[in-house]
Structure formats: C-alpha cells, structure tokens
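Residue numbering restarts at 1 for every chain, and letters A, B, ... go by the order of the sequence lines.
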There are 2 protein chains.
Amino acid sequence: MLNNAVGDLRTRRTRLALRDALLALIEEKGFDAIIVQDIADRAMINRVTFYKHYRDKYDLLEQTMQEMLNELSAPVATLLQEPTNHAVVDKLVPWLEHVAAHESFYRMMLGKEGNAAFAAQLRDYLEGMVEQTIKRMPRQSTTATLPLPVLRRFATAGFLGVVMWWLEQNRPLPVQQVAMQLHQLIQQLMPSRTQK
Amino acid sequence: MLNNAVGDLRTRRTRLALRDALLALIEEKGFDAIIVQDIADRAMINRVTFYKHYRDKYDLLEQTMQEMLNELSAPVATLLQEPTNHAVVDKLVPWLEHVAAHESFYRMMLGKEGNAAFAAQLRDYLEGMVEQTIKRMPRQSTTATLPLPVLRRFATAGFLGVVMWWLEQNRPLPVQQVAMQLHQLIQQLMPSRTQK
DNA sequence: TTGCATAAACTACACCATGTTGATATACTG
DNA sequence: CAGTATATCAACATGGTGTAGTTTATGCAA
C-alpha cells in the first residue's frame, strides 16, 4: 500500500524507528549486508509493516540520505551570506563537526563497502554550494585558465577525498586544522585570486 | 570445487567467456543488477560451471578488476622512468586513452550505480603511483605547507573526479587537453616547486 | 469516554536467486 | 587413443523478497 497518514503518531513512530535502525545497522555492517528482516528486528517492527512504509531497503535509504543532507545544509546556510575570504574557513567548521558527529555513518557510506549513489549525491550537493558561492563572489578576473566545471569537479572531489581520509584515519587532526588545510587547498586552485 | 587446471583449453575459454560476459553486462545494466544466470547465459556457459570457477559474482568481479588495473599499469610503467616535469603530461595520454577505450566500463563502475570498492582500489592505485613518483623526484624543499597524505589524497581524489566528469559528459574534450588540465591542476597544488 | 478508522501484527504463501550434489556426456592432454 | 578433467543437466535445500488476508491494538475526533 505504502500510503499511511503521515500525521498519525503511530506512523511517525514507526518510520523513526526504522530510520534509526537502518542508521545503526549501516554503522555496524554496511548497507549491502543488511536485509529487511534486520531492520525490522532492530526497530522492533514487524517486517510486513516495513513494506507498508517503504518499497524496499533502497527506498528507505534514499529518504534517510535526503534527511542527512538536509541536516548537513543547516550549518552551511549561513556560509552563503558572507562569502568573505577568511570567514569561509570558520564556516567549514560546523560542517565538519556535523560529519564528525555522524562519523561511522559517513565512513561506511563513503568507504570501500560504501554506496556510490550517496557519494555522488554528496558531491553534487557540494558542487551546488560551490556554484552559489562563486556567483556571490565579487566580480574579478573570470578568465580562469581552466574550464569552470573541471575546476569545480576537481575541487569538490578532492575535498571529499580529504574528508574520507580524515574519517578513515579516525580523525588524526582536529576539526579546525582540517578546515584550514581544505581552505588552503581550494585557494591554491584559484590563481585568478590575487595573493593578498 | 573451484580448482580447475588453468592450462586446460576449456578452462581458459570458459573463464574468458565469463569475464567478457560480465564486462558487457556491467556496461548494459551495472554490476548490482546482474545475476549469475545472466552471466552464464551471455557467456553460453552452464550456471553450475560458473561456480566451478568463481565463488560468486563478486569473486569474478574482483579478478576482472585486477586485470583492468594491470592493463592500466602498462602505459604508466614508463612514466616512472623519467619523471621530468614536462614529460609527465605526455605520459598521461596513454593512460587516459586506456580509460577511453573502456569508457562504458569505467563510467559504470565509477558512476552513481557504480562500485565503491572499485573506485577505492583505483584511488589507491593512483596514490601508489604518486608516492613512487615523488620518491624519484629531485630533492627539493620537502617542507610542504600541508601534510603529504592530505595533499596526496586531495590530488588523487580530484584527479579521479575530473576523469569521471570527463566520462559522464561523454568526453567533451580531447585526451591531450584533459591531460594538460589535469597536469596543471596538480602543479598548482605543489607550491614547493619553483615556477620555472 | 466511547466508537471509528487506521495502523500494526501475525500467518501464510508464491517467487526468485543462490549455491551445492550426483550422475552423465564431452573434449582436451599426453 | 585412452584416461582424466571439464562441462552439462536435473534436482534440491536454503534464504530473502514482496504480497494477501485476517485479527489485534491504538491513536484520533466527536
């Protein structure tokens, strides 16, 4: 059926339990190894009830991923307000802190056993951020030596790569330091910007 | 069982057929959607025979991936001989040409429907390359402003990101141009190198 | 508070992919 | 050419998926 009243307390409780169960299981053994029965067991929900809310485990994953990305957007929303050169570093910090708070989840989803769709979605999300930030930047020599899409992709993919490295190594550096280094890396890719 | 004489003509024929079938199917519908029967059908091999050679479809994938990476290594082997600054660009070209030759495969395996393990393996492989290249570089100010692992990860992840972009867009640029741009991006990340 | 409506639980089922077994036919190797 | 290894075939147990019908319980609105 898949059509339950979203307002109903029972519905909200069930979906929350399923979502939490999925997150916990992903952290424990990765998404691929999970079967619907696992999710139902963990959530203490009947397996049939699962199917009354989600088509399959991929459906649940998709919705959960979307929620994670929305959460991720919150700390960055303010970032777009004042894209002054130095403020960006400080605004990276809450972003990285969110990632750190859900460390195991991100490590799993972005790692070897991870989910390519999620990585791609996160990259797209970052690219969107970059695009908007660039738009609001003070007009300057737009005659970049490299095509913008290439530059953008290199930067976002590299950015994500470093975040992954950071998680894989169990965060050997404090958030502030990673933020600084990421900022510096991005800066080095923007030769049009005059060295202040 | 899984132990067949690798010298036997039948064995070689069977494994080749299975490997080719897998590659074709990956290009058609991605790895996840493939079932063993698909591979057997396409290879015109009995399904049971499949299991006499490979544990499961993941086993076959792993071996096939390894072969692809070995092929990929060939054009780069010479790269390590003379890591002079300008020669690197030229040596990137055969590498990109290999990727272009197996375009659909790489696009699938690295894309949204792709396989995170393969992406990670390819990244590791690239990191190894970078590491060796750096070792043979003429000693110079090793006092990089950034930790080497971070720099290396950013560069390789960004590199792969651009290659992915190139494939996703159906190769809007000729190989030479991509090679140049990638070279330039990497250069910009190496501030220790004096601008010649 | 009570009754109604709706969600959850439970039982049962058909379906499909997996991986294995034992018997038989086929074909490579030496 | 003979012997042995490999491929084929039919059959089966197992386990995960998704659905249907029925009963139980619980939240909601009057």
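Closest to the side chain of Ala5(B), from the set dA5(D), dG18(D), dA20(D), is dA5(D). For Asp56(A), whose side chain is taken as the heavy atoms from C-beta onward, the closest listed nucleotide among dG18(D), dG16(D), dT18(C) is dG18(D). Listed candidates were dT17(D), dA8(C), dT8(D). Nearest to the side chain of Val36(A) is dT17(D). Candidate nucleotides dT18(C), dT19(D), dA8(C) were compared by shortest atom distance to the side chain of Thr14(A), and dA8(C) ranks first. Taking the side chain of Leu9(B) as heavy atoms from C-beta on, and the options dA8(C), dC28(C), dT17(D), the nearest nucleotide is dC28(C). Of the candidate nucleotides dA7(D), dA8(C), dT8(D), dT8(D) has the atom lying nearest to any side-chain atom of Val48(B).
At the phosphate of dC9(D), OP1 or OP2 sits under 4.0 Å from a side-chain N or O atom of Asn46(B). In terms of phosphate contacts, His53(B) brings a side-chain nitrogen or oxygen within less than 4.0 Å of OP1 or OP2 of dA7(D).
Following rounding to the nearest Å, Gln37(B) (CD) and dT20(C) (P) show an atom-to-atom distance of 16 Å. Rounded to an integer number of Å, the gap from CZ of Phe50(A) to C1' of dA7(C) is 16 Å. In this entry the distance linking CG of Leu18(A) with P of dA7(C) reads 15 Å, nearest Å. Rounded to whole Å, the distance from CE on Met44(B) to C1' on dT8(D) is 15 Å. Protein atom OH of Tyr51(A) is 18 Å distant from nucleotide atom P of dA14(C), rounded to whole Å. The CZ atom of Arg10(A) sits 8 Å away from the C1' atom of dA5(C) (whole-angstrom rounding). Look at CG on Asp8(A): it is 6 Å from C1' on dG27(D), rounded to the nearest Å. Atom OH in Tyr54(A) sits about 11 Å away from atom P in dA8(C), given to the nearest Å.
As judged by a 4.0 angstrom heavy-atom cut-off over every strand, Thr11(A) is placed among residues touching the sugar-phosphate backbone only. Using a 4.0 Å heavy-atom criterion, one finds that Arg12(B) contacts no nucleic acid atom at all. Using a 4.0 Å heavy-atom criterion, one finds that Arg13(A) contacts the sugar-phosphate atoms exclusively.
We find that Arg153(B) and Glu168(A) are joined by a salt bridge, their nearest charged nitrogen and carboxylate oxygen being less than 4.0 Å apart. Ion pairing between a basic and an acidic side chain is recognised when a charged N comes within 4.0 Å of a carboxylate O; Lys112(B) and Asp124(A) show such pairing.
Within 6.0 Å of the CE atom in Met68(A), the count of heavy atoms belonging to other residues, nucleotides or ligands exceeds 12.
Map Val6(B) and Arg47(B) each onto its nearest nucleotide of DNA chain D; the residue landing nearer the 5' end is Val6(B).
In this structure, Thr11(A) contributes its side chain and Ala5(A) its backbone to a donor-acceptor pair below 3.5 Å. Between the side chain of Thr64(A) and the backbone N or O of Arg19(A) there is no donor-acceptor pair closer than 3.5 Å.
A distance of 6.0 Å separates CG in Leu126(B) from CZ in Phe159(B), rounded to the nearest 0.5 Å.
Taking five base pairs at each end of the helix from dT1(C)-dA30(D) to dG30(C)-dC1(D) and finding the rotation axis that steps the C1' atoms of four pairs onto the next four gives two axes whose angle is 40°, to the nearest 10°.
The base of dT8(D) is paired with the side chain of Lys52(B) by a donor and an acceptor separated by under 3.5 Å. Residue side chain Arg55(A) does not reach the base of dG18(D) through any donor-acceptor N/O pair under 3.5 Å, judged by distance alone.
Between Tyr54(A) and Phe50(A), the ring-plane angle classifies as tilted under the 30° and 60° cut-offs. Relative ring orientation between Tyr106(A) and Phe118(A) is described as tilted, the plane-to-plane angle lying within the 30° to 60° band.
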